[in-house]
Structure formats: structure tokens, C-alpha cells
Protein chains: 2
Amino acid sequence: MTTNYDFNDRPDAARISLVAGSTGEAEVAELFLNFQWAYREMQRQYDQVLANSGLSESKFIILMFLAQAPQQQLAPSVIADKLGATRATVSKLLKGMVAQAWVARVASPTDKRSTLIQLTAAGQQTVTAFLPHNFAAVQTIMAPLSPAEIDQLNGLLQKINQGTHNLNLELERNQHAK
Amino acid sequence: MTTNYDFNDRPDAARISLVAGSTGEAEVAELFLNFQWAYREMQRQYDQVLANSGLSESKFIILMFLAQAPQQQLAPSVIADKLGATRATVSKLLKGMVAQAWVARVASPTDKRSTLIQLTAAGQQTVTAFLPHNFAAVQTIMAPLSPAEIDQLNGLLQKINQGTHNLNLELERNQHAK
DNA sequence: CTTTTGTAGTTAGCCGGCTAACTACAATGA
DNA sequence: TCATTGTAGTTAGCCGGCTAACTACAAAAG
């Protein structure tokens with residue numbers, strides 16, 4: 001059964017789009033809100049899957065990086081770069097992961113500033129136990145999409161990336177002009 | 001000029017999808033990551049637009065709600081419902097907005113538990129001054145999409161909503177089974 | 001070889017989410 | 001009427017982002 005999963009169960013934020021003026025603006029504003037809504041609901045459920053295993057998304061990804069790394073160890077700065085987060089954020093995450101004993105700190109032999117993060121057996125076990133749940137969740141979320149629709153959506157997301165990039169350029173131009 | 005805005009400028013998180021097993025799984029995992037990426041980059045830029053006016057998205061939406069409300073006042077609980085956030089979160093946001101003098105607290109005449117939130121002239125001015133920037137940003141983000149693509153994307157997002165909903169059902173079933 | 005510049009990591013403090021616990025009051029029911 | 005149950009709002013405390021400031025060390029430049 002394919003019921004309608006439209007955006008009607010959502011709070012009142014959609015009303016904002018009614019403020020739009022000329023033709024076409026309303027549709028664009030509505031799409032923007034739908035995009036935010038779809039992501040946020042999806043992420044809420046996905047976070048719940050992670051939380052059921054005591055994980056957060058970032059901590060899971062860090063465990064994955066370590067599991068795939070040579071000697072299963074990486075420097076915090078490398079983790080930050082791969083994750084796309086700041087060192088400060090990673091530092092805080094690692095603090096928690098050390099406390100959970102999923103990882104351990106090892107002094108770097110080559111650089112006295114650096115400490116390597118080493119995956120522990122417990123961490124290894126946690127991540128491998130979680131992997132099936134992760135892929136099941138992702139499959140479930142994307143299951144309603146046919147292969148053709150997957151391609152379509154990838155293409156449309158790239159267009160949003162382009163729009164984001166254009167907005168970024170505008171902002172930087174305004175910054176400079178100031 | 002329409003350059004390629006693919007997902008190559010992104011950190012290494014995409015490598016995760018290589019762990020997928022059977023055919024089709026990898027494509028789905030990749031789409032999942034692309035979806036997250038597109039949203040997060042978009043949101044980062046949009047938040048920047050808001051921050052340039054000293055606003056956050058939630059505070060802006062609250063100001064919009066108040067501007068449209070009768071007497072330009074609403075109870076915090078009503079704001080929370082419309083916004084789709086908890087009362088605790090709204091309480092914290094309002095605290096900041098009162099400090100900024102965008103809103104003021106007024107005792108409810110009918111319910112001694114409740115305080116109404118009243119939009120001030122300064123708040124009114126802030127939100128009306130920001131509105132054009134908001135719509136310009138949204139238009140820029142979505143500009144690369146044709147009207148037909150907007151329809152397409154709305155449809156695909158609804159399919160993701162359906163997948164999210166299915167995941168939710170699975171989780172609740174597991175909760176009950178336990 | 002010393003000075004400057006850059007890099008690695010942590011900490012403090014802010015933001016905006018959340019849950020849980022608590023107070024004050026309203027509304028319902030025995 | 002009085003007891004119970006429910007609702008409005010705040011606070012405390014946690015999480016995961018961020019920037020800015022700081023220490024320690026490495027690397028490049030003089």
C-alpha cells in the first residue's frame with residue numbers, strides 16, 4: 001500500500017511560504033521547506049537508530065575510519081579533515097569515545113605534538129555489530145525510490161549544490177564590497 | 001556557465017559507502033550521503049545569511065509567527081507547537097529574544113500559568129528588514145531548478161518521507177517486541 | 001643556529017536541539 | 001468541594017556543532 005506521505009503532518013512553518021510575492025516564488029519557498037523537512041525527519045529517525053546502539057553519527061563514522069585505517073589508528077587532525085568537522089569538535093567527540101573505551105590515545109613516535117587514536121577491540125566490536133543496522137536503516141529510507149529515481153535525485157541534489165555555491169559566492173562578494 | 005557541482009569537494013565520508021555489499025546497496029548508500037551533504041552545505045550557507053542579520057532560523061520563524069498573529073502575540077506553548085520544537089527549546093530561544101528586545105513578556109489575562117509573547121517594534125523592524133534577504137537566499141539556492149524539476153524533487157522528497165516513516169514503524173515494532 | 005611562521009591538540013564559551021524534573025495553576029471528577 | 005489529573009513554563013544537564021584563545025612543538029627562513 002502506497003499511502004500519501006505529503007507534508008501535511010508538519011507544524012505550521014509552511015505558512016511562511018504564503019508571504020511570498022510574485023509568481024513562482026511560492027513554489028520555490030515551498031520546495032525549500034519541504035527539503036528541510038524531509039532531511040530533518042529522516043535524520044531524526046536515523047539518529048534514533050544510532051542512539052539505540054549508544055552511537056551518534058559522527059562517532060560511528062570515526063569508528064569506521066579507524067577500522068579501515070592502517071594499524072587502525074589515525075591522528076585527530078586527520079580524523080577532523082576526513083569527517084569535515086573542526087578539531088575542537090573532534091577533540092570533544094574523542095574525549096567521549098576514550099571514556100567509552102572504544103578508542104585509546106597512543107603517543108606518536110614521530111611528532112611530539114600529536115597523539116594517535118587507536119581503535120580498541122571493544123570499539124571494533126561496537127562498529128561491526130552496528131553495521132548491519134546502519135545499512136538496513138539506509139535501505140529502508142531509500143527503498144521507495146526506484147533506480148531511475150535515485151539517478152534523478154542525485155542530479156537534482158547537484159543542482160541544489162550549485163545553488164548553494166552561488167549563494168556562497170554572493171555572500172563573499174558582499175563581504176568584500178563592505 | 002554551468003560547471004559541475006558534484007560531490008568531489010567533500011571530505012572522505014563518502015568512502016563509507018564502499019563497505020556496502022551486494023549490488024544496488026552502494027548506490028543507495030551514496031544517495032544517502034549525497035542527500036545529507038546537499039542539505040548540510042545548503043543549511044550552512046543559509047545560516048550564514050541569517051547570522052549576517054544577527055538571526056538564527058528558529059528565531060526568524062518565531063518572529064514571522066508573531067508578526068502574523070492577532071495582536072502580534074502568542075503563548076510560548078503555541079509557538080513551540082507551530083515551530084515543531086519542545087517547550088524547553090522555545091523557552092531558551094525566547095530568553096535570548098527578550099534580551100534582544102525583539103519580544104516582550106505580557107501576563108495572560110485568562111490563564112495565570114501563561115505569559116504571552118508580544119512582538120516589539122524593534123522585532124517587527126528586524127523581521128521586515130530581513131525578509132528580502134531571506135527570499136533572495138532561497139531563490140538563489142533553488143534557482144538552478146526548472147519548474148518541472150521542482151515538481152520532480154517534491155515528489156522524490158515525499159518518497160523519502162515515506163521511507164522515513166517506514167523506518168519509524170520498524171523501530172516502534174522492535175521497541176514493542178522487546 | 002636562531003627566529004619566525006605554521007601545525008597539533010585542548011579548552012572555554014556560545015548556540016540550539018533534546019529529556020527529565022520541578023512549580024504553579026487549570027480542569028475534571030468523585 | 002476537594003482530590004486527581006493535566007497543562008504551561010522554567011531550569012538543569014547532556015550532546016554535538018562552532019569560534020577564539022592558548023600551549024607545545026615542527027619546519028622554514030634568515
Side-chain angles (χ1 to χ4, degrees), chain A residues 11 13 36-37 39-48 50-63 73-100 103 105-117, chain B residues 11 13 36-37 39-48 50-63 73-100 103 105-117:
Chain A
Q36 289 185 312
W37 173 258
Y39 168 84
R40 289 170 186 174
E41 283 303 294
M42 181 280 282
Q43 191 68 36
R44 195 189 306 276
Q45 289 307 317
Y46 182 55
D47 284 345
Q48 193 54 51
L50 288 149
N52 285 348
S53 298
L55 282 165
S56 71
E57 183 176 0
S58 292
K59 287 179 180 174
F60 166 58
I61 295 175
I62 290 174
L63 289 177
Q73 55 185 20
L74 290 171
S77 55
V78 174
I79 293 174
D81 287 351
K82 288 168 77 84
L83 189 60
T86 62
R87 288 157 199 232
T89 295
V90 168
S91 192
K92 208 192 271 188
L93 292 171
L94 290 176
K95 198 171 173 182
M97 296 173 76
V98 169
Q100 296 264 4
V103 301
R105 294 182 203 273
V106 181
S108 163
T110 67
D111 189 334
K112 284 186 183 174
R113 296 168 300 178
S114 180
T115 52
L116 294 176
I117 301 298
Chain B
Q36 289 185 313
W37 174 258
Y39 168 83
R40 289 169 186 176
E41 283 304 295
M42 181 280 280
Q43 191 68 36
R44 196 189 307 276
Q45 289 307 316
Y46 182 55
D47 285 344
Q48 192 55 51
L50 288 149
N52 285 348
S53 299
L55 282 166
S56 72
E57 183 176 358
S58 292
K59 287 179 180 173
F60 165 58
I61 294 175
I62 290 174
L63 290 178
Q73 56 185 19
L74 291 172
S77 55
V78 174
I79 293 174
D81 287 351
K82 288 167 79 83
L83 189 61
T86 63
R87 289 157 197 230
T89 295
V90 167
S91 192
K92 207 192 271 188
L93 292 171
L94 290 175
K95 198 172 173 182
M97 296 173 75
V98 168
Q100 296 264 3
V103 300
R105 294 183 204 272
V106 181
S108 162
T110 67
D111 188 333
K112 285 186 183 173
R113 296 168 299 178
S114 180
T115 52
L116 294 175
I117 301 298

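Below, chains carry the letters A, B, ... as their sequence lines are ordered, and counting in each starts from 1.
Once rounded to the nearest 0.5 Å, the distance linking CG of A:L50 with CD of A:Q45 reads 11.5 Å. Here the straight-line distance linking atom CZ of B:R105 with atom CD of B:Q73 works out to 14.0 Å at 0.5 Å rounding.
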B/S/- along nucleotides 9-18 of chain C (protein heavy atoms under 4.0 Å) is SBB----BBB
Under 3.5 Å, which donor-acceptor pairs link side chains of residues 88-96 of chain A to any protein atom two or more places apart or in another chain?
| from | atom 1 | to | atom 2 | distance (Å) |
| --- | --- | --- | --- | --- |
| A:T89 | OG1 | A:T86 | OG1 | 3.0 |

Which pairs would a plain distance check flag for residues 54-63 of chain A, meaning a side-chain donor or acceptor within less than 3.5 Å of a matching protein atom at least two apart in sequence or in another chain?
| from | atom 1 | to | atom 2 | distance (Å) |
| --- | --- | --- | --- | --- |
| A:S56 | OG | A:K59 | N | 3.3 |
| A:E57 | OE1 | A:Q43 | NE2 | 2.7 |
| A:E57 | OE1 | B:Q36 | NE2 | 3.4 |
| A:E57 | OE1 | B:R40 | NH2 | 2.9 |
| A:E57 | OE2 | B:Q36 | NE2 | 2.9 |

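Taking each heavy atom of A:A75 and A:S114 in turn, the nearest pair found is CB-OG, 4.0 Å.
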